[in-house]
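These notes are about the structure you will find just below.
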Amino acid sequence: MADSEAQTLADAIAARGAQSGRHLVLILHSYEQGMGRVREITDTVERMLAPMDNHIALRVENLDSKRVHTPEYLESFAAVLALKYARRTPTLILTSDDDALDFLEAHHAALFPGVPVLFCGVNHPHDSLAAAIPRLSGVLSTFSARETALAMLGMHPGTRHIYLVNDHTETGRAVARDVQRQLASLPDGVQVHEFPPLPFDDLLSRLATLPPDAAVLLGVYFSDSVGYATTFEDMGARIAAAARVPVHCLVDFNLNGATVGGKVSGAAFQAEALGRMALRVISGTRVEDVPVQTEGVNRYVYRAPALKRWGISESRLPSGSTVIDRTFSLYREYRTQINVLILFVVSLASTIAVLAYMMRRRAASERQLRRLRNLLANTLDSMPSVIVGVSPEGLVTHWNRHAADATGQETHEAVGRPLGEVFPRLEKLKPLVFEALEGGQVRDGQRLLRHDGDMVRHEDVTVFPLVANGTQGAVIRVDDVTERERIREMMIQTEKMLTVGGLAAGMAHEINNPLGGILHAVQNMRRRVEAGRPDNEAAAREAGLSMDQVRGYLERREILRMLEDIAASGARAAHIVANMLDFSRRTDGAFVPQDLHRLIENTLELAANDYDLKKLYDFRTLRVVRHYSPMLPPVPCLPTEVEQVLLNLFKNAAQALASMPPPDGAPPTLTIRTERHHDLVAVTVSDNGPGMTPEVRARVFDPFYTTKPPGEGTGLGLSVSYFLITHNHGGSFALHSEPGKGAHFTFTLPLRQR
């Protein structure tokens, strides 16, 4: 149906609504509103029906069957719906996914007799539905496995094996059977494989070892063989990230991370078709005259970053394909998750309030109320955040498990006491609590720093106002974002290195030509005042002088010394230019396996024999402590570059210890530690010197930044080292230092190079 027809129907509904009152439309979702798919369906249907303009009252209920699916829960849910809609029956019911439709099959006659039902996202409708819900139609959720596989083979011509990834839940097995049927006969002898039920970590390991002539077709994955589950989106993203071969998908909620795309069954696509059907029914068309839509909903959708990664031109995509995520953002959006959390908590609070009222009227509902209260408490305890509820007077009203772990005080010890007494570092947040209560707005953006041993941890704080049943208060949420901050700083530093690298390359090439001229001219000048050269002797005689007189004059006027200074300065400038060029380009050398401990020992010997280093810092006076991992395998790397990084770190440590001996009187010590972490090798170079202030630590990897006196450093040592490790080797580089506590540089090298 065209958009113009939909608008005509909407106008007709608005006219009828103005005469007969608002139509009540109920949306019943199988899953909770926090899932991206569910939010998309709700938003799309609301946009299609335009409730306020069309005199439609839209109500949304969530069965949340992925979390709870017991018979007692379903009966309780039916009782809640009976209370909520006892005085007003919906004009139309819309459902999403199989569980909601199955729920209506059991309860439609009792709850909503005669009310028409339209569904979407249903894979396999039961024959018994027609008898249970006589006025029924909707949009079937089908999978375009064959079209996706054929498009995938066209994009990756060398593919000979397709690995199908589904979970082994009832839904997953049904999807797998449908996909296997569609892929029964693929061209060119392509084989289709399916993984057996596995724990999720084992599945990721298997995906990481697939052969290069393989590709992955991702269906639906929510739960592994031992019951581990998060969300469809999260599981799909981690599956795609683990695979080293292209991953195509069949459902739009997997269009994230490293997934390429496919002809996907999309929540928004189905919701659009559902919204058009709803407009027809509300405008007067009998639901029996609206046929079930079985085709034409799925669309080809592909992600631009994945296309670029696998070298796929958009011209090779199927006709009518949509390309998304053309611009890449380094930062995640968290506001949506917070709003989902609020909606979830408010929804549970509303359910508890309804059940509390029922408990006073019906003693039989007391058991259900306790179960829901326990569910709310368990949900908040399971969250990876500190959740603290406070009253307007600053007294603790709620205390989740993470709050107890952070303070050592259990819930019964904390509730009812002042916040500053049981959680002292949150005392400073009381002004935010009052602002949230007075303005009725969420207050966020507050950052807390706390020391955890030698480590500084970052925590984000959000305060939500809470008003329910005349009781005011606020909810404080504290999230540990230390790892996110570390990754953000690393990404900013890497981006800065790439930008400065381009500038350094241009500057180096521009400086090289005049610098070469200067050095060449100085060399010629020195040769032309040397004694014993016939041309020099002849020119001196023509001037009425001897070469001894010429050199005597030059020495008295210190011109020869000036030439030496020019040559030395030119050589230093040439060295700086060479460093800039090293900084700006990736080496073309081949990675070779190296004994990392031997490489470290060679670099230590090189540092001990370095004349400049002995002259300035006397490296041999340092005590060197080695903590080498005994089972370290050969590490693939560019040995000269790793030696350069190690030598820079050794020189910096020697300079720091020479400038200020250890404050506790201990001998100046250089500590080197090697460790293996899965597929990474970490090297830590530490000293017990003066450490760094936060200002110095923030700029230590910046190009041309140095704390050394003029003439002793270029400011490129650590920035070049950072670039060599992160850009050329694909590793990471980190620093931890505090004033008076030395400096600890750690870099990692992958055991498996890209």
Side-chain angles (χ1 to χ4, degrees), residues 447-459 481-497 500 579 583 603 607 613 616-619 621-625 627 644-673 675 682-726 731-748:
R447 173 64 57 84
L448 295 179
L449 299 178
R450 66 180 177 89
H451 290 274
D452 184 5
D454 291 336
M455 186 176 182
V456 177
R457 306 200 69 85
H458 299 258
E459 295 175 327
V481 294
T482 306
E483 185 64 16
R484 188 187 75 188
E485 283 298 303
R486 186 188 69 79
I487 294 175
R488 183 181 69 84
E489 290 176 2
M490 184 179 71
M491 297 301 290
I492 291 173
Q493 187 64 32
T494 300
E495 188 172 324
K496 187 188 303 179
M497 291 300 98
V500 175
N579 279 343
F583 176 74
T603 310
L613 198 57
L616 293 174
Y617 314 124
D618 198 4
F619 184 84
T621 63
L622 300 184
R623 184 168 69 102
V624 179
V625 178
H627 297 289
Q644 180 181 351
V645 172
L646 290 168
L647 189 58
N648 284 337
L649 295 179
F650 295 163
K651 285 183 177 181
N652 283 353
Q655 185 238 356
L657 290 166
S659 65
M660 185 179 296
D664 55 1
T669 302
L670 178 69
T671 302
I672 307 168
R673 182 183 301 275
E675 299 172 291
V683 180
T684 301
V685 178
S686 307
D687 64 68
N688 60 343
M692 302 180 193
T693 64
E695 294 77 12
V696 173
R697 190 171 63 246
R699 299 191 59 194
V700 73
F701 290 115
D702 288 356
F704 308 110
Y705 176 76
T706 179
T707 59
K708 298 177 182 177
E712 290 189 19
T714 63
L716 283 174
L718 285 177
S719 58
V720 169
S721 299
Y722 185 95
F723 190 80
L724 294 178
I725 293 298
T726 61
S732 65
F733 213 125
L735 162 66
H736 176 65
S737 178
E738 293 183 35
K741 295 186 178 181
H744 310 272
F745 288 89
T746 300
F747 65 87
T748 64

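These numbers were taken from a predicted model, which means no experiment stands behind them.
When all heavy atoms of Ala656 and Pro690 are compared, the closest pair comes out as O-CD, 3.4 Å. Nearest heavy-atom pair, Ala653 versus Leu670, reported as atom, atom and distance to 0.1 Å: CB-CD1, 3.7 Å. Heavy atoms only, all atoms of each residue included: Ile725 and Ser732 are closest at CG2-O, 3.5 Å.
Here the CG atom belonging to Leu718 is positioned 4.5 Å from the CG atom belonging to Asn652, to the nearest 0.5 angstrom. The distance from atom CG of Leu657 to atom CG of Asp687, rounded to the nearest 0.5 Å, is 5.0 Å. Atom CG of residue Asn648 and atom OG of residue Ser719 lie 9.0 Å apart, to the nearest 0.5 angstrom. Between atom CG of residue Leu649 and atom OG1 of residue Thr746 there is a gap of 9.5 Å, rounded to the nearest 0.5 Å. To the nearest 0.5 Å, the span separating NE2 on His627 from OG1 on Thr684 amounts to 11.0 Å.
Proximity of a side-chain donor or acceptor of Arg697 to a complementary backbone N or O of Leu735 within less than 3.5 Å is not detected. Between the Asn688 side chain and the Pro667 main chain, a donor and an acceptor come within less than 3.5 Å of each other.
For the ring-ring contact (aromatic ring centres under 6.0 Å, His included) test, residues two or more places apart in sequence or in another chain that qualify with Phe747 are Phe733. Every residue meeting the side chain to side chain donor-acceptor pair (under 3.5 Å) condition with Thr669, not counting sequence neighbours, appears here in chain and number order: Arg623. Applying the side chain to side chain donor-acceptor pair (under 3.5 Å) rule to Ser686 yields the partners His744; only residues at least two apart in sequence or on another chain are considered.
Of the residues Val624, Leu646, Val625, the one that meets the side-chain contact (heavy atoms from CB on, under 4.5 Å) test with Ile672 is Val624.
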